[in-house]
Amino acid sequence: MKQADPNTAHLLCPRARPARLSLVLPVYDEQAVIAPLRAAVNDFARALPGELELVLVNDGSSDQTLALLAEWAASDARVRVLHLSRNFGHQIAATAGLDYATGDAVVLLDADLQDPLVVIHRMIDRYCQGYDVVYGQRESRAGESAYKRFTAWAFYRIMRSLVYRRLPPDVGDFRLISRQCLNAVGEMRETHRFLRGMVAWVGFPQVAVAYHRQPRVAGSTKYPLRKMLAFSWIAATSFSTLPLRLSMIMGALVGMIGIEEGIRALLAYSLGWYTVPGWTSLTVLVSLIGSALLMSIGILGEYVAKLYEQSKGRPLYIVARTFGTCSNAERSDAAANLK
Ligand code: UDP
Ligand code: MG
C-alpha cells in the first residue's frame, strides 16, 4: 500500500466507517456478467458491516442486461437500477450513477469484476483514516492483451507529462469517494467528462491502494480502439489548452523552415550556387504550411465545438426508467433482512 501523500497527510481527520456504502456500476451489454456479479456482491455484502446500496446504470444495453438488472432489483431491495434512454458512454453512465448514489462513501467500479470487490475493504480502511479519495492503482493487469497494456501505459504517461501532472498513473475509474468530495465533483456539470481528472482536480486528501486487475469474468471489452481514442482526446482537450499551444508551436516551426528556405534561396542567388528550378522545395513548403494551418484550425475547431456543445446546456443523460427505488428506511430494513 502506498504511503500517505505528504502534502495532505496533516489534513487527515480520522472518521467512522461509512454507515451506508454505495457501489456504482455502469453496465453496457453485460448479460453474461450479471450472474457472477450478483454472487460476488452477495459475498462482499456478507463481509461488510453497515448498509450497502447498489446503483446499476444500464447504459442503453441492447441485450438482456436490462431484464436481468430489473429482476435483480425486484428481488433485492439494496439494488437500484437506472435505465438510460440510450448509450451515453461509460463516463456519463458513471456520472448518472454517482448523482443517484446516496451513500456516505461511494465506490465506482466496472461491472465485469475486473476490479475485485475485496479491495474495497482496504479502501474503507483508508477512508476511515481520513482520505476522501482512495483510488485503485493497478500493479498488474491479468488477461489483457499486450496491446491494451501498452496503450494504457502510454496513455497515463502522456496525460501526466503533457496534460495534467496531478493525474495518478495506472489508475482507472475504480475508486472510493467520500460524500463531501462527491458533492464537489457533482457540481462540475461539464459535457465532456474525464472523471478521474475531475476527481483529481477537486483536491481533498487522496491516496492509492495497489491491486491486481483481474481478467474480465465474461464478455468482451466495451472499449474498442475507436472509443479509447475518443476518450483520450476528451481527456486531453477537456483538461488542457496545450493542444491549442501545440498548433502555435507547429506554426512557428513551419515558419522557421520557411525563413530558412528564404535565406537559402537568397544565398543561392547571390553566391551563384547551383539551383534547380525550385519546384520540389516549393511544393514541400506549401504543403507544410498548408498542413500546419489546417491542423491549427482543426484543433481550434475542436475547442469551439466543445464550447458550442457545452453552451447548449443539455442534460448529461436521460433516465428513461428506474427500478427498485424505495425509501431509505425500507431499503435498510430489507438490507437487514437479506443479511
Ligand atoms: N460501459 C458503459 N458504457 C459504455 C462502455 C462501457 O457503461 O459505452 C461499462 C461496461 O459495461 C463496464 C465498464 O463500463 O462495466 C468498463 O468497460 P469495459 O470493462 O468494457 O472497459 P475495459 O475494462 O476493457 O477498459
Ligand atoms: Mg472492464
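Read the numbers this way: they start at 1 and go in the same order the structure lists the ligands and their atoms. For clarity, every value in this text was computed on a predicted model and none was experimentally measured.
- Counting heavy atoms under 4.0 Å from ligand 1, residue D29 does not touch it at all.
- Ranking protein heavy atoms by distance to atom 9 (C) of ligand 1, first place goes to P26 O, 3.6 Å.
- Of all atoms in ligand 1, numbered sequentially from 1 with element shown, those under 4.0 Å from a heavy atom of K222 are 5 (C), 6 (C), 18 (P), 20 (O).
- With 3.5 Å as the limit, one finds a donor-acceptor pair spanning the side chains of Y223 and H90.
- F231 and F155 have parallel rings, their planes meeting at less than 30° on a 0 to 90° scale where 60° marks the start of perpendicular.
- Side-chain contact check for R216 and Q114: no donor-acceptor pair (N or O, by modelled atom type) lies under 3.5 Å.
- The shortest contact between atom 24 (O) of ligand 1 and any protein heavy atom is with T221 OG1, 2.6 Å.
- Not close to ligand 1: Q91, with no non-hydrogen atom less than 4.0 angstrom away.
- No side-chain N or O of T322 forms a donor-acceptor pair with one of R80 less than 3.5 Å apart.
- Remark: minimum distance from atom 18 (P) of ligand 1 to any protein heavy atom is reached at R216 NH2, 3.5 Å.
- Within the 4.0 Å heavy-atom cutoff, M228 does not count among the residues contacting ligand 1.
- Protein heavy atom nearest atom 16 (C) of ligand 1, with residue, atom name and distance: D110 OD1, 3.3 Å.
- Heavy-atom proximity to V27, at under 4.0 Å, picks out these atoms of ligand 1: 7 (O), 11 (O).
- Under a 4.0 Å criterion applied to the non-hydrogen atoms of E30, ligand 1 contributes the atoms 10 (C), 11 (O), 12 (C), 15 (O).
- For S238 and R193, the side-chain atoms include no donor-acceptor pair closer than 3.5 Å.
- Residue contacts with ligand 1: S220 is placed with no nitrogen or oxygen under 3.5 Å of a nitrogen or oxygen of the ligand (distance criterion only).
- Considering only non-hydrogen protein atoms, atom 25 (O) of ligand 1 sits nearest to K148 NZ, 3.0 Å.
- The angle Q114:OE1 - the Mg ion (ligand 2) - D110:OD2 amounts to 110°, with values rounded to 10 degrees.
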Note to self: Assess the residue pair K222 and D29 against the criterion (salt bridge (charged side-chain N to carboxylate O under 4.0 Å, His left out)); give the C-alpha distance rounded to whole Å, side-chain angles, the decisive distance to 0.1 Å, and a yes or no.
What the structure shows: CA-CA 8 Å; K222 304 298 174 304; D29 283 353; over 6 Å; no
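- Remark: ligand 1 atoms within the under-4.0 Å shell around heavy atoms of G89 are 3 (N), 8 (O).
- Contact atoms of ligand 1 toward K227: 4 (C), 5 (C), 8 (O) (distance under 4.0 Å to a heavy atom of the residue).
- Scanning the protein for heavy atoms near atom 3 (N) of ligand 1, the closest one is D59 OD2, 2.6 Å.
- The backbone N or O of R17 lies less than 3.5 Å from no partner atom in the side chain of Y127, so there is not a single donor-acceptor pair.
- For ligand 1 and Y223, the ligand atoms under 4.0 Å from any heavy atom of the residue are 17 (O), 20 (O), 21 (O), 25 (O).
- At a cut-off of 2.8 Å, Y223 is not counted among the residues with an N, O or S atom near the Mg ion (ligand 2).
- The single protein non-hydrogen atom nearest to atom 1 (N) of ligand 1 is Y28 CB, 3.7 Å, given as residue, atom name and distance.
- Ionic pairing of D99 and R189 is present here: one or more N-O contacts between side-chain nitrogen and carboxylate oxygen are shorter than 4.0 angstrom.
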Next item on the list: Could you walk me through whether D170 and R213 pass salt bridge (charged side-chain N to carboxylate O under 4.0 Å, His left out), step by step?
Entry: CA-CA 11 Å; D170 302 318; R213 191 160 159 91; over 6 Å; no
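- Among all protein heavy atoms, the one lying closest to atom 14 (O) of ligand 1 is H90 CD2, 2.9 Å.
- The D112 neighbourhood of ligand 1 comprises atoms 19 (O), with distances under 4.0 Å to a heavy atom of that residue.
- The pair R46-D43 meets the salt-bridge criterion, with a side-chain N (NZ, NE, NH1 or NH2) lying under 4.0 Å from an Asp/Glu carboxylate O.
- Figure legend: R196 and F194 shown without cation-pi pairing, the cationic atom not lying both under 6.0 angstrom from the six-membered ring centre and within 45 degrees of its axis.
- Each of the following atoms of ligand 1 lies closer than 4.0 Å to a heavy atom of A111: 15 (O).
- The Mg ion (ligand 2) has an N, O or S atom of D112 closer than 2.8 Å.
- For the pair D104 and R15, the salt-bridge criterion is not met [side-chain N within less than 4.0 Å of a carboxylate O].
- For the residue pair K306/T191, the side-chain donor-acceptor check at 3.5 Å is not satisfied.
- Under the 3.5 Å distance criterion, with hydrogens and angles disregarded, a donor-acceptor pair is assigned to the side chains of D115 and Y211.
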